[in-house]
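Data block below; observations after.
Chain letters run A, B, ... following the sequence lines, proteins first and then strands; every chain starts at 1. Model, not experiment: these values are computed from the prediction.
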Amino acid sequence: MIRGIKGVKDLLPEETPRWRFIEETARRWADRYGFHEIRIPIFEVTTLFARSIGASTDIVEKEMYTFQDRDGSSLTLRPEGTAGTVRAYIEHNRAAVPVPQKYFYFGPMFRHERPQAGRLRQFHQFGVESLGMADPRADVEVIALLWRILSNLGLQGLTLEINNLGYPADRDSYRPHLVTYLRQYESSLCANCQRRIEANPLRVLDCKVPECRAMTETAPRLADSLSEAAQAYFTGVLHGLDVIHIPYSLNHRLVRGLDYYNLTTFEVTATNLGAQNAVGAGGRYDGLVETLSGPPTPAIGFAVGLERIAMLLPESALRTTAANVVVYIAAFGDQGSGVGLSALEDLRASGIPAVSDFRSSTLKSHLRQADRLACGFTLILGDDEVQKGTAILRNMVTKSQYDLPLSSLPVAIQPLLRSS
RNA sequence: GUGGGUGUAGCUCAGUUGGUUAGAGCGCCGGAUUGUGGAUCCGGAGGUCGCGGGUUCGAAACCCGUCAUCCACCCCA
């Protein structure tokens with residue numbers, strides 16, 4: 001048996017309704033906030049990701065699906081959506097379009113990680129990117145959209161955490177202070193964090209090991225090294241969130257894993273998600289467009305993990321939207337089978353959903369299938385009916401039956417379906 | 001990449017210190033009802049015990065290896 005690839009899942013028909021519900025909700029809110037859909041390729045030139053995400057990040061160092069094209073160039077399955085979106089923004093000179101460029105996207109992302117609860121190798125994200133506006137209200141707009149979508153889906157136990165990473169210059173002046181502090185207590189940090197002191201000291205703040213947490217509790221804070229401009233900007237964002245009543249909590253430890261973030265960063269976490277508890281996250285990335293050789297462009301965005309949302313989505317959220325009435329065609333016998341095929345087609349042509357199971361040859365098995373398929377009505381069509389030029393419509397709930405003329409089936413059936 | 005758990009029927013799982021023919025519930029098929037579904041009753045089908053080796057008179061069980069899967073570390077959505 002050929003199996004699917006490790007960490008890559010099939011979504012069977014039983015689960016696609018909840019995915020459609022999530023996608024439709026996200027689309028609806030994105031539309032209300034003035035974001036427009038963009039569809040970008042699932043693979044790009046490798047250097048795009050290396051330059052945007054950061055060459056020393058885990059994603060780029062050991063998690064990308066990279067392969068050689070036939071001409072020898074290096075391509076990579078996208079591990080996230082921002083890089084490609086920004087590439088498209090630059091390539092199509094969207095900076096010249098005189099309105100804010102606000103995009104959203106859906107799609108699969110690929111990272112070679114060890115699968116576990118809430119983590120797959122092919123997973124799906126919904127994300128938005130707001131390009132061109134260096135205004136705290138743009139941050140508020142993006143965060144509000146994220147919060148509205150998750151709240152509207154009925155997800156419970158969510159927390160919005162937010163932090164200010166400041167400008168690159170702020171972090172440059174802060175980093176030596178932090179490193180000096182960490183060096184003092186190097187021996188009591190976990191092995192990982194000892195390595196991080198050189199590679200990425202800010203990530204030590206995000207470590208979950210209790211000893212490291214205790215150590216960093218009294219570490220110098222980035223917040224104290226921030227420039228006035230960065231502090232003023234962040235104050236503007238928080239004020240905006242207050243004004244529109246989006247609940248948040250400050251988390252000075254919140255450091256994102258991608259290099260391109262600055263100023264506002266945020267993350268929504270959920271209880272009941274296991275170890276991978278981030279549902280969605282994002283932040284401002286004012287330098288990225290320039291890094292990729294585009295014009296200076298402020299920007300902010302987020303991405304949410306659709307698998308994680310699907311895990312959290314309460315069953316009650318999938319309110320059974322009054323399903324279409326489906327007619328089951330129970331056609332059997334030499335003549336009934338043939339007439340049944342045209343009855344199916346006639347109903348469908350007039351907009352009535354109709355199904356049948358062609359394996360069934362007796363009325364009994366047909367009715368059983370109609371029941372399993374939860375069809376509201378069954379059209380019984382055997383040789384006797386064909387002789388009389390009629391068909392019997394059975395209401396599967398009330399069990400009442402009506403004789404209908406075969407010659408005008410769709411017309412005769414309509415009012416009976418509606419009255420149910 | 002590292003660590004741990006679990007692999008027995010379509011599904012969820014039992015299976016005694018190693019001992020006859022490997023079980024249950026649900027599901028499936030058929031009959032009671034030869035043209036009327038769900039409920040009930042009766043009957044039936046369905047298993048290379050993940051795979052490969054080893055120990056043993058004898059292995060689903062013990063040992064080694066391997067694969068798959070889940071969870072955690074790490075990392076992240």
Would you say the base of B:C70 and the side-chain of A:R114 have a donor-acceptor pair closer than 3.5 Å?
no
Residues 275-291 of chain A vs salt bridge (Lys or Arg N to Asp or Glu O under 4.0 Å), sequence neighbours excluded, gives A:D139-A:R284, A:R284-A:D286
The correct set of residues in residues 326-341 of chain A placing a heavy atom under 4.0 Å from RNA chain B is A:F332
Would you classify A:R3 as touching base, sugar-phosphate or nothing, given that sugar-phosphate means primed atoms plus P, OP1 and OP2, and contacts are heavy atoms under 4.0 Å? sugar-phosphate
Determine whether any donor atom in the side chain of A:E385 lies under 3.5 Å from an acceptor atom in the base of B:G35, or the reverse, and answer yes or no. yes
Nucleotide N/O to protein N/O under 3.5 Å, stretch nucleotides 26-32 of chain B:
unit_1: B:C28; atom_1: OP1; unit_2: A:R372; atom_2: NE; d: 3.3
unit_1: B:C28; atom_1: OP1; unit_2: A:R372; atom_2: NH2; d: 2.7
unit_1: B:C29; atom_1: OP1; unit_2: A:R372; atom_2: NH1; d: 3.4
unit_1: B:C29; atom_1: OP2; unit_2: A:R372; atom_2: NH2; d: 2.8
unit_1: B:G30; atom_1: OP2; unit_2: A:R368; atom_2: NH2; d: 2.8

Could you run down the sub-3.5 Å N/O contacts of the protein with nucleotides 43-49 of chain B?
none

| So what does A:I380 hit on the nucleic acid, given a heavy-atom distance under 4.0 Å: a base, only sugar-phosphate, or nothing? | base
Side chain to side chain contact (heavy atoms under 4.5 Å, CB included) filter on A:R51, not counting sequence neighbours, yields A:L292, A:S293
- Quick one: sort the A:F104 and A:F126 rings into parallel, tilted or perpendicular, breaks at 30° and 60°. tilted
Notebook entry, point to check: Does the pair A:R111 and A:R119 meet the rule for a side-chain contact (heavy atoms from CB on, under 4.5 Å), with working shown?
Noted result: CA-CA 9 Å; A:R111 293 181 198 174; A:R119 193 172 77 181; over 6 Å; no
Note on RNA chain B: ranges paired as stems (three or more Watson-Crick/G-U pairs in a row, both atom distances under 3.5 Å) are B:1-7 with B:67-73, B:10-13 with B:23-26, B:28-32 with B:40-44, B:50-54 with B:62-66
Rounded to whole Å, CZ of A:F302 lies from P of B:A77 at a distance of 13 Å
